[in-house]
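Here is the structure we will look at.
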Amino acid sequence: MQIQKIDRASLATLQTELLKRDPNSYSQYTAAVKEIVEDVKNRRDAALFAYTAKFDHAFLSADSVRITEQEKEEAMRAVGPELIRVMQRSMENIRAYHERQLQQSWFTTREDGVLLGQKVMPLDSVGVYVPGGKAAYPSTVLMNIVPARVAGVRKIVMVTPPGRDGKVNPVTLAAAQLAGVTEAYKVGGAQAIAALAFGTESIPKVAKIVGPGNIFVALAKKEVFGYVSIDSIAGPSEIMVAADGTANARYVAADLLSQAEHDELACAILVTDSEELARKVNAEIDGFLPQLSRREIIEKSLKNYGHILVASDREEMFDIVNSIAPEHLEIQTANPLEDMARVKNAGAIFLGPYSSEPLGDYFAGPNHVLPTNGTAKFFSPLGVDAFIKRSSVIYYSKEALEKVHEDIELFARSESLTAHANSIHVRFDGRDAD
């Protein structure tokens with residue numbers, strides 16, 4: 001990895017380079033995605049099965065697209081009991097964490113006859129997209145389904161692409177069964193997103209779609225936003241480690257590599273005020289690489305989006321952190337709790353040498369679905385809030401409204417909305433109908 005001293009100009013250049021990874025930068029795929037979405041919207045199952053055959057080489061029908069209870073039971077048997085136990089423990093941590101996020105409806109009253117409040121309700125249905133094919137992502141299954149269950153969502157519909165044999169990876173399916181999925185279907189890609197957004201003869205329309213996917217999935221979610229809600233348009237994974245001279249270079253190097261192995265667009269950045277640590281981490285990375293199974297992917301990721309940044313002091317280190325707003329931020333300094341106070345923008349914050357990023361991916365409990373590409377400046381991790389909606393509640397007695405009706409009428413007339421003003425005025429003009 002290249003070691004560079006950072007300044008405002010080089011930071012601006014770095015941010016520009018990182019933003020090229022954003023799904024919104026891949027406009028060359030937009031037309032193709034739009035065509036798929038429109039086709040599924042109009043032809044429904046016929047289009048869905050045609051695209052599944054074309055892209056996944058799996059030939060499905062209305063009779064085989066839905067995952068049966070028998071298939072779920074077979075998946076549970078196929079997955080070893082040890083992994084089942086680990087997933088159950090992970091799920092317990094995820095549930096306990098997200099239960100603390102639950103909101104309650106609230107109401108307040110005044111003596112003059114006013115009641116105001118907020119009614120909190122779960123969404124009626126949610127679609128969960130889980131990447132599939134050869135790979136299995138049971139952690140993604142748990143992170144998307146468990147918060148929805150905690151929120152009280154009645155119907156949770158999972159879609160995941162099948163293999164050429166028309167089957168779903170048993171680990172993915174076992175995780176879904178443990179988490180409490182309502183329905184599951186063997187479809188993926190932009191066509192699956194369209195099916196969830198508009199409904200087909202086989203797949204029900206949902207209120208919101210969550211879950212990660214490739215560029216076609218991301219752009220399809222963007223395309224259907226407005227017909228349904230979505231969680232976000234996520235970009236490739238990223239990690240930033242903020243470390244001082246006290247950090248263990250071996251730990252830092254290992255953590256950077258843990259994200260670089262996701263894909264060639266993944267980003268791994270070390271920011272430090274210690275040139276000595278920078279050199280040590282770089283050497284440790286070179287030592288680890290020959291041992292890693294995804295070395296080719298990691299090397300491409302580090303070549304394009306791997307950086308070791310040397311800041312002049314602690315203040316500049318965290319200015320860089322807040323400017324980049326990383327998805328995952330590890331703080332490996334002498335006083336990580338104290339330094340956390342400097343952080344304004346990050347998806348998830350990992351404190352100290354024994355809180356490495358994979359702990360959050362799999363087990364600790366906080367959600368690993370996080371804002372990417374600098375969106376941590378205004379987005380939050382996936383959580384219970386993503387699966388609820390709120391309604392405002394307003395009640396005024398006649399006496400309470402009478403005290404303020406002239407103020408409201410004046411306000412409405414100032415906007416030239418005379419019908420608004422009249423809606424209030426008629427209640428006090430003495431001309432009530434019999």
Side-chain angles (χ1 to χ4, degrees), residues 66-102 126-163 167-186 188 192 209-213 231 234 237 255 258-259 261-262 293-294 327-328 347-348 350 354-370 381-384 386-387:
R66 182 167 178 169
I67 296 171
T68 65
E69 291 302 315
Q70 181 180 344
E71 287 174 300
K72 294 176 187 177
E73 292 170 4
E74 289 173 355
M76 292 291 287
R77 289 194 295 269
V79 176
E82 185 175 357
L83 180 56
I84 291 290
R85 283 195 299 271
V86 169
M87 288 195 292
Q88 287 174 328
R89 291 174 63 193
S90 172
M91 189 169 64
E92 290 167 4
N93 292 340
I94 296 167
R95 181 185 296 113
Y97 181 88
H98 288 84
E99 282 175 347
R100 299 184 69 87
Q101 297 179 340
L102 278 168
V126 168
V128 176
Y129 187 94
V130 179
K134 295 180 180 179
Y137 299 95
S139 60
T140 294
V141 176
L142 301 182
M143 291 290 182
N144 282 275
I145 293 179
V146 172
R149 293 277 295 174
V150 170
V153 176
R154 183 182 62 84
K155 179 184 288 187
I156 302 172
V157 181
M158 186 183 81
V159 292
T160 188
K167 296 182 179 180
V168 170
N169 192 297
V171 179
T172 297
L173 195 48
Q177 183 76 343
L178 289 172
V181 72
T182 312
E183 303 171 21
Y185 296 88
K186 307 169 189 174
I209 301 172
V210 300
D231 52 352
S237 186
D255 295 352
S258 74
Q259 290 306 292
E261 76 170 342
H262 271 293
S293 61
R294 295 169 69 89
E327 178 189 17
H328 306 99
F350 300 78
Y354 297 100
S355 304
S356 60
E357 188 278 336
L359 175 66
D361 272 354
Y362 296 110
F363 205 75
N367 210 288
H368 78 197
V369 181
L370 302 166
L382 186 72
V384 170
F387 301 103

Please confirm whether the backbone N or O of [Y] pairs with a side-chain atom of [X], one donor and one acceptor, at under 3.5 Å?
X	Y	result
Arg66	Tyr185	no
Asn367	Pro381	no
Glu261	Arg294	no
Asp231	Gly211	yes
Thr160	Val130	yes

[X] side, atom [atom1]; [Y] side, atom [atom2] - distance, nearest 0.5 Å:
X	Y	atom1	atom2	answer
Phe387	His98	CZ	NE2	8.0 Å
Arg149	Met91	CZ	CE	9.5 Å
Asn144	Tyr129	CG	OH	12.5 Å

Taking C-beta and beyond as the side chain, do [X] and [Y] meet within less than 4.5 Å on heavy atoms?
X	Y	value
Pro366	Phe350	no
Ser237	Leu370	no
Met143	Leu382	no
Val210	Val369	no
Glu74	Glu69	no
Leu173	Ile67	yes
Val141	Val128	no
Met158	Glu183	no

Query - Nearest heavy atoms of Met87 and Ala175, plus distance in Å - result: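 Shortest heavy-atom contact: SD-CB, 3.8 Å.
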Report task. Of all the heavy-atom pairs spanning Leu142 and Ser90, show the shortest one and how long it is. Result -> CD1-OG, 4.0 Å
**Report entry** Evaluation steps, side chain to side chain contact (heavy atoms under 4.5 Å, CB included), between Asp255 and Ser356
**Finding:** CA-CA 6 Å; Asp255 295 352; Ser356 60; 3.5 Å; yes
**Report entry** side chain to side chain contact (heavy atoms under 4.5 Å, CB included) between Met76 and Glu71, intermediate numbers included
**Finding:** CA-CA 9 Å; Met76 292 291 287; Glu71 287 174 300; over 6 Å; no
Report task. List the steps and the verdict of side chain to side chain contact (heavy atoms under 4.5 Å, CB included) for Asp361 and His328. Result -> CA-CA 10 Å; Asp361 272 354; His328 306 99; 4.1 Å; yes
Query raised in the report: Do we see a donor-acceptor contact under 3.5 Å between the side chains of Tyr97 and Glu99?
Result: no
Requested in this report: Please determine, by modelled atom types, if Gln88 and Glu92 share a side-chain donor-acceptor pair under 3.5 angstrom.
Outcome: no
